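Scroll down for the structure; my scribbles are underneath it.
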Amino acid sequence: MTLRDTARKLLEENKVQGVLGYRKGSLPFRTRPYLFRDPCEVEELIFTPFCGLNLARYLLCLPRGIERVAIVAKGCDGRACVALVRENRLRRENLLILGVPCPGMVDTRKLAEWEDLQEHEVSFRGEEIVIRGVAYPLGSFLDASCRRCRYRSPLVYDILIEDSEVPSLPQEDTLRELRSLPEEKRWEFFRKELSRCIRCYACRNACPMCYCKECFAESHKPSFLHPSPTLRDNFVFHLGRAMHLAGRCVECGACERACPLGIPIATMFLAVSDTVREHFAFEAGVDVAAPAPFVTYREDDPNAFIR
């Protein structure tokens, strides 16, 4: 059964009061989140390589009257759902996960190189993207988060939608090159990138795991940051978020995708997640029953990370 047929049936049978999915955006190559509540609207439901938004972000702000909702979830969206359930922000029985294997999301910034490119001039064929009749490797146009993705299909789902072929793409180790640099070069990399940050907070607002009612970045009593985007305060903000997301980041790349300046913000969170995986054998959003790494005591814990 296709995604649209499944969503329509769920709404018609009143098994859910809404289906959180994607519909075409107002700009080329853009999609937007949409809560489908009427079966007649489902014809506008889409899932394409331009559906990069992590829909789990919107589960925390559903309108009243939605007791049970279905969500169209690719691998990273599904991990975010699991993480939010683990943190008691969502009730699992009120959530129906429609798992969709992800073909990889296209970095729309790379398509901007073609002047006046229209949507009908872009198509997909297996592991290739065809632009104005010329085929290119799909991997070279993928979003950075998709090039390093380890879970293309959702690990936890209620219904798995398998109406599209998922290309087999290699997984890149994006941290290898950075870690091969000496400490001074790594510092220079982050100093250069974070000096461009204007602290618009788009990265935080797009993150499905940033749901604090008051962010430390906007706290006044006490005040942690100056309103002006200085390099020092930019480091405090991004490192503060990295620490808050340790053991919680689902590596969806929503922060990096939302950044208007294209700063590789997710690299910092990826490094923290890699450290948590190495020392605690834990990955956020993979297992709803797995104990959280920082609130679990183990007698055989080597504590190597603090030595």
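Predicted model, so just to flag it, every value in this text is computed and none were measured.
- Crowding of Y157 atom OH: a count of heavy atoms from other residues, nucleotides or ligands under 6.0 Å not exceeding 12.
- Around NZ of K110, the count of heavy atoms belonging to other residues, nucleotides or ligands within 6.0 Å exceeds 12.
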Test side-chain contact (heavy atoms from CB on, under 4.5 Å) applied to V130 and V122, step by step: CA-CA 6 Å; V130 182; V122 178; over 6 Å; no

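- Within the 4.5 Å cutoff, no side-chain heavy atoms of L35 are placed close to those of Q17.
- With rounding to the nearest 0.5 angstrom, the CG atom of L90 is 8.5 Å from the CD1 atom of I71.
- Using a 4.5 Å cut-off on side-chain heavy atoms (C-beta onward), C76 and K74 make contact.
- A centroid separation of less than 6.0 Å is found between the aromatic rings of W114 and Y136.
- The number of heavy-atom neighbours closer than 6.0 Å to CD of E188, taken from other residues, nucleotides and ligands shown, is above 12.
- Counted within 6.0 Å of CZ on R176, heavy atoms from surrounding residues, nucleotides or ligands total 12 or fewer; the atom is thus considered open.
- The closest side-chain donor-acceptor pair between Y34 and E41 falls under 3.5 angstrom.
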Check against ring pair (Phe, Tyr, Trp, His ring centres under 6.0 Å), F237 and F235: CA-CA 5 Å; F237 170 64; F235 263 99; over 10 Å; no

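- By the 4.5 Å heavy-atom criterion applied to side chains, L270 and D274 are not counted as neighbours.
- Residue-environment remark: CZ (R91) stays at or below the threshold of 12 foreign heavy atoms within 6.0 Å.
- Atom CD of E183 has 12 or fewer neighbouring heavy atoms from other residues, nucleotides or ligands inside a 6.0 Å radius.
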CA sep, side-chain torsions, deciding dist, call: L20, L59, side-chain contact (heavy atoms from CB on, under 4.5 Å): CA-CA 8 Å; L20 185 58; L59 288 173; 3.8 Å; yes

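- With contacts defined as side-chain heavy-atom distances shorter than 4.5 Å, the pair S228/D233 does not qualify.
- Between the side chains of Y151 and E251, no donor-acceptor pair of N or O atoms lies under 3.5 Å.
- Under the 6.0 Å distance and 45° angle rule, R186 does not count as a cation-pi partner of F189.
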Audit row: H238, M268, side-chain contact (heavy atoms from CB on, under 4.5 Å) steps and yes/no: CA-CA 8 Å; H238 289 289; M268 190 178 300; 4.1 Å; yes

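- The aromatic rings of F47 and Y22 sit tilted, their planes meeting at an angle between 30° and 60°.
- Geometric assessment of R89 against the ring of Y211 yields a positive cation-pi assignment under the 6.0 Å and 45° thresholds.
- Counting heavy atoms from C-beta outward, M209 and C249 have side chains that stay 4.5 Å or more apart.
- In E177, the CD atom is not crowded: 12 or fewer heavy atoms of neighbouring residues, nucleotides or ligands sit closer than 6.0 Å.
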